[in-house]
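See structure below.
Labels below follow one simple rule: chain letters A, B, ... track the order of the sequence lines, proteins then strands, and each chain is numbered from 1. All heavy atoms count here, side chains included; hydrogens, waters and symmetry mates do not.
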Amino acid sequence: MEYVATRKVTGGKLLRVKCDVADGVLRGVSLTGDFFMHPEEGVSELEGALNGMSNEAPVGEFVSKLNDLVHGRGFELVGFNVSDVAETLVEAIRGGKDSWGSGGSAVVSADSSGGLDEMVRSAISGK
Amino acid sequence: MGISDISWRVIELETHDAFMNMALDEACCESVASGAVRPTVRFYRWSPSAVSIGYFQSLVDEIDIEACAKTGTGSSPSGDGVVDIIRRRTGGGAVYHDFEGEITYSVIVPEKDFCDANGVRLGITESYHEICGWIIRGLGQVGIGAEFKPINDIIVSSSSKKISGNAQTRRGGVILQHGTILLTVDVKKMFSLLKVGKEKIADKMIAAVEERVTSVAQVRPEVTREEVYSALLNSFTEGKKFEIGTWTEGELARAEELVQERYKTKEWNEMR
């Protein structure tokens with residue numbers, strides 16, 4: 001079963017977290033969205049760091065793991081932070097609804113010319 | 001050494017398909033990194049029209065691939081009835097690059113050279129601010145007052161509506177920032193290419209987006225594309241050492257390789 005949560009983080013960027021859980025362990029974690037991260041390839045390391053962690057770990061444990069990696073590797077996150085990732089992950093695996101109230105299914109992060117993602121999401125969600 | 005000390009190569013407005021456009025950006029980054037060519041500013045258009053997605057976006061989550069395959073752009077000289085889809089090397093959101101509806105630019109410069117007057121390297125936010133300032137000056141020259149809105153947008157001052165989106169990556173010691181200046185906007189068309197539930201494409205939603213985005217045509221309808229481009233060319237080069245240049249044979253050959261090895265491949269475009 002795939003777990004998904006989507007949230008619009010402070011500053012308007014979209015972050016979507018997908019993962020599977022097998023035997024109480026996170027697998028196949030995927031972070032997507034319209035955020036920025038330097039270097040870009042570092043996102044695979046963030047995903048890799050979360051794989052293998054317990055799905056029952058507290059948010060703080062995910063934050064700590066990601067913080068260690070980000071600081072250790074000198075990654076620069078722009079438009080989101082590790083707490084956003086950890087909280088969205090927990091939202092996904094513990095059955096919270098995603099930002100669009102869709103019960104966790106990936107719905108929309110439509111963007112458009114010039115990057116109108118924030119506007120479209122606002123329109124869809126009625127916010 | 002500050003920005004005013006950099007000697008730039010400027011590649012004037014040209015048109016390529018999405019794959020070549022992004023490949024040229026990357027080939028240029030490589031040649032700037034190696035010192036084979038000078039830091040470069042380029043302006044370009046997209047034919048056929050295309051949708052680009054940010055590095056971190058999921059193509060299948062964001063884009064209506066079927067719609068892109070069968071949607072005639074109506075404005076593309078190639079007239080092939082296809083909207084290309086491509087993943088960028090930069091983050092950020094999905095962008096619809098209409099052949100008629102925008103001018104795109106790229107700035108490619110070594111990090112070590114992109115410094116303030118005290119020789120301090122510009123960070124990500126500062127460099128967005130610096131380059132977006134060039135766009136803002138250009139818009140000012142055609143009578144559009146605009147301002148930088150962090151992280152990566154430019155808005156028209158009088159309405160706070162977005163008129164330009166920008167994205168940046170830094171690899172191999174080289175900054176690549178590219179972005180679009182909207183000449184016209186067709187929100188309904190853009191929505192038709194994105195994976196928005198069709199039932200969601202309501203007039204109300206389109207109106208809501210139109211409330212937050214604008215274009216040169218909406219603000220100053222009398223201003224032509226040529227005038228906007230001329231203003232941008234002027235504002236990007238004002239006070240700088242530069243020469244109008246061309247791609248090297250090596251860059252063109254490398255770009256052709258990158259088109260085949262990366263930008264046209266499923267592995268790249270569908271990697272997330």
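Of the possible donor and acceptor atoms, none in the side chain of A/R16 sits under 3.5 Å from a partner among the backbone N and O of B/D61.
Per-residue heavy-atom pair counts under 4.5 Å with chain A were compared for B/I53, B/I63, B/I124, B/V51, and the maximum is reached by B/I124.
Pairs of residues two or more places apart, or lying in two chains, that qualify as salt bridge (charged side-chain N to carboxylate O under 4.0 Å, His left out) and include a residue from residues 168-182 of chain B are A/E40-B/R171, A/E41-B/R171, B/E111-B/R170.
Contact of the A/F36 side chain with the B/Q168 side chain is not registered, since no non-hydrogen atoms from C-beta on lie closer than 4.5 Å. Using a 4.5 Å heavy-atom cutoff, the side chains of B/F56 and A/L31 are not in contact. Counting only heavy atoms from C-beta outward, the side chains of B/Q57 and A/L14 never approach each other to under 4.5 Å.
The minimum heavy-atom distance linking B/T169 with A/H38 is given by the pair CA-CE1, 3.8 Å.
For CD of A/E2, the number of neighbouring non-hydrogen atoms (other residues, nucleotides, ligands) closer than 6.0 Å is greater than 12. In the displayed structure, B/E147 atom CD is contacted under 6.0 Å by more than 12 heavy atoms of other residues, nucleotides or ligands.
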**Request:** Check the pair A/K13 / B/I151 against side chain to side chain contact (heavy atoms under 4.5 Å, CB included), numbers first and verdict last.
**Result:** CA-CA 10 Å; A/K13 298 300 180 192; B/I151 301 169; 4.0 Å; yes
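B/D186 does not touch chain A: none of its heavy atoms, backbone or side chain, sits under 4.5 Å away.
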